[in-house]
Amino acid sequence: MEQVPAPLTRHLRVHQDRGHTVLEFRGEIDIAAAMEIIPYLDRVTGRTDVRVVIDLSRVEFFDCSGLRLLYRARSRMLDNGGRLLLVCTHPLTLRVLRVTGLARLLPPMPTLDAALGQPEATSGSV
């Protein structure tokens, strides 16, 4: 499997885990962070049949720019036959995901281990 280099940005780390590409968002995910993340997100989600986890466990702030990143990733994954999973535990971010309906489309898991232990049928790639 092609190894995605870990970008040296303060808002994103990329690594491989159990056959998935993990995009670990960090810090404050606002418009500036989103602009930094988009090229990496697009590169990973533009491939066919890729399995991706977006891990928000290290996010301190998450606004509508972060929501757009998640919707963008989900749309691109659906178009390319991929599998997308989400890790999130922050109460305010979870509330935003629920209020916007994104939690129904991309159910958040409490840990990376929990997300990677899920069978294919329960992913957010409906």
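The chain is numbered in sequence order, starting from 1.
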- Does the side chain of S57 come under 3.5 Å of the side chain of D55 through a donor N or O and an acceptor N or O? yes
- Query: Do the side chains of V44 and L70 join up, straight or via other hydrophobic residues, at under 4.5 Å, putting them in one cluster?
  - Reply: yes
- Item | Pairing residues for A73 by the side chain to side chain contact (heavy atoms under 4.5 Å, CB included) criterion, not counting sequence neighbours | L41, T45, I54, L84
- Any chance you could lay out the side-chain contact (heavy atoms from CB on, under 4.5 Å) test for M77 and V52, step after step, and finish with the verdict? CA-CA 9 Å; M77 296 297 290; V52 174; 3.8 Å; yes
- In terms of hydrophobic clustering (I, L, V, M, F, W, Y; side-chain heavy atoms under 4.5 Å; direct or indirect links), are I37 and L102 co-clustered? yes
- Query: With a 4.5 Å heavy-atom cut-off, do L116 and V53 have their side chains touching?
  - Reply: yes
- Okay, side chain of E36, backbone of H11: is any donor-acceptor separation there less than 3.5 Å? yes
- Message: Quick check: is I31 connected to F61 through a chain of hydrophobic side chains (ILVMFWY, heavy atoms under 4.5 Å apart)?
- Response: no
- Message: Taking Y40 as the starting point, is it possible to reach I38 by hopping between hydrophobic residues whose side chains are less than 4.5 Å apart?
- Response: yes
Check residues 85-96 and write down every donor-acceptor pair under 3.5 Å in which the side-chain atom is one partner and the other belongs to a residue at least two apart or another chain.
| residue | atom | partner | partner atom | Å |
| --- | --- | --- | --- | --- |
| H90 | ND1 | L92 | N | 3.2 |

- R76 side chain reached by D42 side chain, heavy atoms, under 4.5 Å: yes
- Item | Which residues share a side chain to side chain contact (heavy atoms under 4.5 Å, CB included) with D79, sequence neighbours left out | S75
- Item | Within one Ile-Leu-Val-Met-Phe-Trp-Tyr cluster: V50 and L12, side-chain cutoff 4.5 Å | yes
